[in-house]
Amino acid sequence: MPAAPSKRVKGTQIRRHFLIGNTAHVLPSPGFPDPPPDGHTKGWTVYVRPLPNGPDITTWLKKVQFKLHHTYTDASRTIEAPGPFEVSETGYGEFGVEIRLYFAQESGEKAVYREHYLVLAAYGSDDQRARQERENKIVAERLETIEFNEPTQEFFKTLTSEEQFNWLKVKKGRGKGKKPDFIFEGAVEPTAQLPEKASEPGQAGAGGAWSVQYERQVLAQLQQSAAALDHSIEQEKRAMEERRRRLEEVGGAIGAK
Amino acid sequence: MATGSDIRAALASDFTPTVDPLRAAPTPTAARATPNQPRTRQPRLHKKPALRNRGRAAHWTYDTSTPPTRRDRLQVRQWRRAAPSADSTDVEPPASKFAKYDVKAEAPSYDDETYAQHLNHPDWTKEETDLLFAAYEECNGKWPVVVDHYETSTHRSMEELKSRLYSISATLLNLQTPMTAMTASEYSTYEVLKSFDPLKEASRKKLAEGHLRRPRNEVDEETVLLSELQRIMLHQQTLDSEREDLRRRLQHPVADQNGYQYSTSQALTTLWQQLLAADRAKKTQRLRPLEISGSRPSQSAASIADATSATPQTAQAVDMSKQDLLRFGVVQAQEKLPTGISFASDKLSKPRVAKSSLQTDKIAATLAHIGVPELIPLPTPAVVEQFERIMAKMQTLLDLRKVAEKEEQELRVRSAELGV
């Protein structure tokens with residue numbers, strides 16, 4: 001244990017979005033051993049990825065440990081930075097994968113567990129299913145937001161430095177002895193927030209579907225649900241009034257007896 | 001003089017007690033000759049002193065006399081002790097010792113005139129009334145006896161007799177001394193006499209008798225019902241207050257104080273101070289004290305902790321432009337932050353789980369009903385806030401439903417009671 005925990009930046013919280021999910025393909029499929037081992041019908045990859053235009057995930061995530069089902073050999077797969085934090089395997093059954101995230105040293109935080117349920121079968125509405133079967137690709141992915149509360153000073157510094165976006169930038173222009181410039185050449189400006197619009201469809205699995213647009217969709221859906229809930233509450237209130245009236249009636253009738 | 005062998009011999013025989021050896025005749029054998037005669041006694045173990053005449057014997061006389069409390073001229077013969085000397089303390093005949101217990105019941109008397117004027121009653125003839133009063137005096141006011149003694153053609157219950165006598169007594173008392181002139185005790189007696197209700201008395205006595213003859217299982221049933229009733233009464237309070245609470249929550253908060261008292265600026269500042277003081281006592285502070293001294297511009301990024309502690313690292317936190325904050329995902333929190341690492345998606349999943357699995361199921365069913373998916377994949381702050389709003393509303397709905405069930409139950413019970 002270090003001698004003393006370093007001072008923390010009070011009252012601040014740093015949020016980072018990242019993606020946890022898995023893709024699955026019906027074998028045989030490129031990228032997976034052919035012929036597939038006996039009885040294995042699906043090949044899948046479970047991963048932890050950053051947003052496509054977000055800061056580098058290795059700034060704060062140093063190691064990921066995937067705990068697979070005990071029937072797999074080496075059920076505990078550890079991936080260290082920088083490699084893409086993913087595990088590819090073949091199988092036939094769905095199970096919960098326990099993912100352990102190890103943080104950077106300067107954060108001074110313990111590792112945390114998240115769980116992801118490995119989805120191998122097509123899901124969702126009929127069109128979604130049809131499309132998944134056509135493309136032979138099933139993606140089950142969700143956006144997670146990790147919140148670092150009152151981070152240590154060093155951690156804060158690393159998390160707010162411009163260098164995080166270097167992985168997206170392209171080295172340009174080298175003078176002698178000068179440090180290379182990093183210039184961003186992509187379409188979307190890198191930021192830790194969600195991008196405005198989704199990148200082209202089909203990039204699901206690379207995190208391209210997450211955007212503010214999608215957020216608005218989700219919000220709209222939730223607002224609809226809230227309206228339905230209000231409606232139910234109104235109904236209940238009316239019923240309660242009705243009941244109160246009846247209670248008084250009956251009470252009066254009993255008193256008169 | 002008996003020797004030990006004599007006694008042993010006597011005992012050895014069929015144990016007829018022999019004559020007292022002290023008083024025995026010098027020839028014990030003669031006494032033992034006829035063992036079956038009754039003139040025998042147990043041998044005494046101690047010496048009794050011989051009788052001696054202490055004083056003169058008292059003189060007793062045997063005459064006839066009449067007991068003082070009897071009305072008829074009964075002649076009774078009794079032994080009475082004559083006066084031993086001049087003192088006359090216990091001279092009275094013994095019968096008169098009990099004379100003090102001869103208490104007579106007092107019933108008021110009336111003459112024919114008064115009867116004709118005031119005491120007439122449709123059910124009672126004059127003879128019956130006279131008979132009643134005579135019986136009352138004879139039986140010394142003991143009603144069970146009076147009922148037995150009172151014999152007429154029409155059978156009257158004890159309550160009827162009582163009521164007749166008491167009403168007559170009340171009227172006569174009233175005639176004697178009008179109500180205004182009565183003393184306190186007289187008035188109370190009058191009131192008591194007037195308020196005798198024969199029907200009530202009869203029913204009361206029947207109830208007491210029924211109570212006495214209750215079988216065991218009825219007693220048990222009654223205790224159980226009483227305890228049940230007590231429990232319900234106890235909980236009535238809490239139930240009512242809960243319902244009121246719920247109703248209040250559904251309606252907008254009504255101000256119970258006049259708001260005009262805070263219209264002056266002075267009053268406003270005092271109100272602000274009060275709220276600030278109350279807020280300081282709370283765990284999570286939501287108010288920010290105004291910085292009157294000095295000017296620290298753009299305090300939008302600083303929280304309470306920053307204002308109070310001017311440590312260097314906090315100054316650093318402020319040193320980023322708003323755009324940079326967004327770019328790096330730095331959030332200046334207003335409320336107390338949880339320690340360590342937290343995940344935003346937890347805020348979308350934890351509220352769905354309640355303490356009991358039944359509640360959890362209810363929540364899941366309601367959420368499905370209104371169309372909230374089980375897994376919301378995008379936990380941005382806006383989404384989280386919206387979800388929390390939905391969960392709050394759902395809590396209200398579930399509470400409403402719970403109260404609805406209880407009220408329905410009670411309605412059913414009451415209308416069943418009404419129908420019965």
Side-chain angles (χ1 to χ4, degrees), chain A residues 7-17 54-55 103 107 109-110 112 114 141-150 153 156 159-161 164 190-194 210 212 214-215 218-219 221-226 228-230 232-233 236-237 239-240 243-244 246-247 250-251 253-254 257, chain B residues 246-247 250 302-306 309 311 313-314 316-317 320 324 326-334 337-345 366-367 369-373 375-383 386-387 389-390 393-394 396-397 400-401 403-404 407-408 410-411 414-415 417-418:
Chain A
K7 293 225 179 83
R8 287 181 169 263
V9 185
K10 287 204 201 286
T12 43
Q13 182 191 70
I14 301 197
R15 294 204 186 119
R16 285 283 185 268
H17 298 293
F103 301 111
S107 71
E109 305 280 359
K110 276 168 45 177
V112 288
R114 295 311 280 180
E141 175 180 272
R142 70 174 191 276
L143 184 92
E144 267 280 18
T145 317
I146 188 168
E147 297 165 355
F148 297 100
N149 298 302
E150 301 195 349
Q153 267 188 293
F156 187 79
L159 282 176
T160 50
S161 77
Q164 290 169 90
T191 166
Q193 307 295 330
L194 286 176
W210 305 98
V212 174
Y214 183 57
E215 185 185 353
V218 171
L219 272 175
Q221 191 192 29
L222 282 180
Q223 266 158 4
Q224 263 188 339
S225 311
L229 198 53
D230 278 334
S232 301
I233 290 188
E236 283 288 327
K237 267 205 257 186
M240 177 183 255
R243 256 199 316 277
R244 191 172 12 174
R246 268 164 63 200
L247 256 176
V250 173
I254 289 186
K257 252 202 346 182
Chain B
L246 195 62
R247 286 208 186 93
L250 294 171
S303 60
I304 296 276
D306 286 347
S309 68
T311 45
Q313 71 261 28
T314 56
Q316 204 181 14
M320 293 207 306
D324 265 348
L326 267 181
R327 201 149 170 269
F328 291 113
V330 181
V331 172
Q332 308 281 358
Q334 307 298 325
L337 283 171
T339 53
I341 307 236
S342 54
F343 285 91
S345 58
T366 330
L367 281 176
H369 180 71
I370 54 176
V372 173
L375 172 69
I376 301 179
L378 190 64
T380 46
V383 170
Q386 181 76 321
F387 185 74
R389 253 184 266 144
I390 289 184
K393 283 191 195 152
M394 209 178 53
T396 338
L397 184 66
L400 270 179
R401 288 207 183 134
V403 171
E407 284 193 348
E408 279 289 327
E410 202 174 310
L411 248 182
R414 287 200 191 177
S415 33
E417 190 186 321
L418 196 57

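Being a predicted model, the structure only gives us computed values, none of them experimental. Per chain, numbering begins at 1; letters A, B, ... match sequence-line order.
For B/S342, the side-chain hydrogen bond (donor to acceptor under 3.5 Å, both in side chains) partners are A/E147, A/N149, not counting sequence neighbours. Partners of A/R244 according to the side-chain hydrogen bond (donor to acceptor under 3.5 Å, both in side chains) rule, which considers only residues two or more places apart in sequence or in another chain, are A/E241.
Neither the backbone nor the side chain of B/R389 comes within contact range of chain A; no heavy atom of the residue lies under 4.5 Å from a heavy atom of that chain. Both the backbone and the side chain of A/A226 have a heavy atom closer than 4.5 Å to some heavy atom of chain B. Heavy atoms of B/I376 lying under 4.5 Å from chain A belong exclusively to its side chain. Within the 4.5 angstrom heavy-atom criterion, only backbone atoms of A/L159 (N, CA, C, O) approach chain B. Neither the backbone nor the side chain of A/Q224 has a heavy atom closer than 4.5 Å to any heavy atom of chain B.
When the candidates A/R243, A/E236, A/R142 are compared by the number of heavy-atom contacts under 4.5 Å with chain B, A/R243 comes out ahead. Chain B forms the most heavy-atom pairs under 4.5 Å with one residue out of A/V112, A/L229, A/V218, A/L219, and that residue is A/L229.
In this structure, OG1 in B/T396 is found 7.0 Å from CG in B/L250, a value given to the nearest 0.5 Å.
B/S345 and A/R114 share a side-chain donor-acceptor pair at under 3.5 Å.
A salt bridge (Lys or Arg N to Asp or Glu O under 4.0 Å) with B/E407 holds for exactly one of B/R401, B/R247, B/R414; it is B/R247.
In this structure, A/R8 contributes its side chain and A/E150 its backbone to a donor-acceptor pair below 3.5 Å.
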